[in-house]
Every structure is written in structure tokens, then in C-alpha cells.
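Take a look at the structure below.
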Amino acid sequence: MYTDFIELRRLRLPLVRSFETSFGTTTERELLLVRVRGEGEEGWGECVADETPYYSAETTTTAWYVLRDYLVPRLLRRRLGHPREVMALLSDVRGHRMAKAAVEMALWDLYARQEGRPLSHVLGGTRTRIACGVSVGIQPDIGALVDRVAEECAAGYQRVKIKIKPGWDVEPVATLRARFPDLPLMVDANAAYELAMADLLVALDEFGLTMIEQPLDEEDLGEHAVLQRRLRTPICLDESIVSARRAAEAFTLGACRVVNVKPGRLGGHAESRAVHDVCAGAGVPVWHGGMLETGIGRAHNVHLSTLANFTLPGDVAASTRYFVPDLVEPPFVVSPAGEMDVPQGPGLGVTIVPERVERATLDCLTLNP
Ligand code: NPG
């Protein structure tokens, strides 16, 4: 596999609906796309970094800089046997996993297209359909939350996750549980709590949540272990899990019982597979997270979700919840049973619509050998 050129694009797209978390509200998504061209085929990747450093330290600006000056120069003029070799070529650059993921994933797509196989097969996945959950942001009031959750249940989603923060936790969960007694329901705090507030989280135990995602700071594996010992509800870690090694450390400490896998956060598909395998070996189920991706990042997520240990529904929802039109055709749809088909064409198996990408582009840079 040889790359002829690598193109970076910065885009801005309005979200269909604004999305509020414990760290802020997103109404428009600024994102980077990476296009790699090699031997007559192309591959696409999407960087999940946000415009602001609130979910993670990386932003679209840091990712652009690191891709342009450090990552892409290490990949141009290289003959690669397989995309699993990419991470080793980038390993002298510390951190910047979101930037690395964008180009690494584009190379997996390129490789799969050159092989004429769906990306899911190249990654080692077997499913042709995946189970979909949905993530509901913080709402202006509890009535609005109940309406939104009812709407998502009617659309077929197999589980609902709601965002919580101090002041928006026990009451919304208690209301939803009373209204939807059998719904698989979970909460995501995006690191908004401290161990000293553990009583609030222990109070959630009585509502039969499937898990509590990332309650404490991402650095605090030890504190998550202390909290997990007090909770019946499993803790799921997202921001804290940055590598397979960190996942293994979390299990040794007893810091979580479930893991959220996001290739965009972990540095790409190779590290995500490693995390998936470490979790499988430890008997820890995983599910696929979401970062308000366009159809390009979403397609990567769908293909990765076909691996065996993705046994819980992911935050992989229909295109129309995010961008209309999406950047790809056909858009991703969810069946009334809450499932999504895995595209079966080569690579991502979707068509990227050039005019839609162009219309949303703020900057474009082509890097040649
Ligand atoms: O449906 O893609 C989606 C959003 C899922 O809740 C979701 N993502 O913390 O996992 C998260 C959260 C998020 C969204 C994080 C945007 C960062 C940016």
C-alpha cells in the first residue's frame, strides 16, 4: 500500500439538534476529514476532536497542526504492507490519539478498498447488523426529557443513555424509570463528579441502570475503583481508557466492569482491536461510543462494531439525528428493531458525496511526498 497524497479538510456542519453534556452545548460540529489516495483508490477518516478542549485536550486545531507537521510526513513516501503497521510509524509522537486515529482509519479504509473487501471483514468482524442505542443530551426540563426518550424508544433504539451532571441526575433518572420501567437505561457523566459526591451516584443504584459511564475524572482510575466497590451498578469507562494497557490496568484495580470503545479516542482501529481483545480476555463487555460523527466516522464505527465482544448496543444512531443531508449515501438508518445494516461494499461501503463535503469545507490542504 503506497500513499500518493494525503488531504486534510476542516469542515463545519450544523447539527440537526443541539447536544448538551456536562461540559457544554454543541450546535454545530467543526471537524477534520482525512483523505488518503493510493494506487487508484482512496480512503477516508474523520477526526473526532472538537473545536474546544472540554471533552479531551485535543481540538481540531491541535489535530490539524499535528497531522500536517508530524503525522502525515511520517506516512508519505512509505510502502505499507498492512494498516496495522501505521501506529508504530507514529509512535515517537506522544499522545494526539485523535489526530493519529483520523489518518490511521483512513488507511484502513484505503486498504480494505484496495482488497475489495468490506472494512468489517478486514477488521475481523463477522456481524452483518449491529445493535443501536441512543444518547440523549441534557434537556431544558424533565418533561422535554421524557418526550425525547419516548420518541427514541418509538424509533426502536435498544437502549437509551442520558447525560447527567450535578443537579441533573437522580430526579430525571427516577422520572424516566417510573415512566419506562423495562427500558435498558444508562447515564453518562463525562467526568462531572468527584468521589466526595459518591452518595449521589449510590442513590442511582435503585433504578436498575445498565451502567454509569465515566463518573469521575479521567485520570482517577484508583478513585473509580473505590466508587465501583460502593456501587452495584457497573461503571463503564470512556475518557479514562486511552489504550489497551490502560484498560488492563483498570481491570487490575477494579475500576470498571464495562468499556466504551471509540477508535477516534484510542488512536484508531488497531488500538481499538487491542482494547476489544483485552476486554474479551478479562470477561468485560464493550460497546461502541459515538462523537457526533458524520457518515464517514459513523461508517468506521459501524464496521468496528461487528467484532465479537461488542455485545452491548452502541451510541451508533441514524444519520438523520445528526446531519441532513449526511456526507455519505446512503445515509445510516435504524430499523424498528433497533438495528443497523453493515455496508457490504469495499472499504467503508458508502459513497462520500463530494459536493456536500466541499460545501462544508473551511480549509483544505493537500500534502504530497
Ligand atoms: O450519538 O454520537 C453520538 C453522541 C454520543 O453521548 C455521546 N457522545 O461523551 O460519549 C460522549 C459524547 C460526546 C459527544 C463526547 C460529543 C464528545 C463530543
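In this chain, residues are counted from 1 in sequence order. Both counts, for ligands and for their atoms, begin at 1 and track the order of listing. For the numbers below, each heavy atom of this structure counts, side chains included, while hydrogens, waters and symmetry mates do not. Keep in mind the model is a prediction, meaning the values are calculated, not measured.
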Checking His300, His288, His82 against His269 for ring pair (Phe, Tyr, Trp, His ring centres under 6.0 Å), the one that qualifies is His300

Just need the protein heavy atom nearest to [atom], so name the residue and atom and give the distance.
atom	result
atom 6 (O) of ligand 1	Ser135 OG, 2.7 Å
atom 2 (O) of ligand 1	Leu292 N, 2.9 Å
atom 1 (O) of ligand 1	Tyr322 OH, 2.5 Å
atom 8 (N) of ligand 1	Gly290 O, 2.9 Å
atom 10 (O) of ligand 1	Lys262 NZ, 2.8 Å
atom 12 (C) of ligand 1	Lys163 NZ, 3.2 Å

Residue-level breakdown please: for [X] versus ligand 1, do any non-hydrogen atoms fall below 4.0 Å on the side chain, on the backbone, on both, or on neither?
X	answer
Gln214	neither
Asp50	neither
Asn190	side chain
Val48	neither

Asp188 heavy atoms within 4.0 Å reach ligand 1 at atoms 9 (O), 10 (O), 11 (C)

Ligand 1 to Asp238, heavy atom cutoff 4.0 Å, flagged ligand atoms 9 (O), 10 (O)

Candidate pair Glu58 and Arg265, rule salt bridge (Lys or Arg N to Asp or Glu O under 4.0 Å), full reasoning: CA-CA 10 Å; Glu58 287 187 80; Arg265 177 192 84 230; over 6 Å; no

key: N-O pairing of Asp199 and Arg230 below 4.0 Å   = yes

Tested for side-chain contact (heavy atoms from CB on, under 4.5 Å) against Lys262, the lone hit among Met291, Met98, Arg97 is Met291

Fill in: Chi angles and distances behind the salt bridge (Lys or Arg N to Asp or Glu O under 4.0 Å) call for Arg113, Glu42
CA-CA 8 Å; Arg113 287 188 209 225; Glu42 58 184 38; 6.0 Å; no

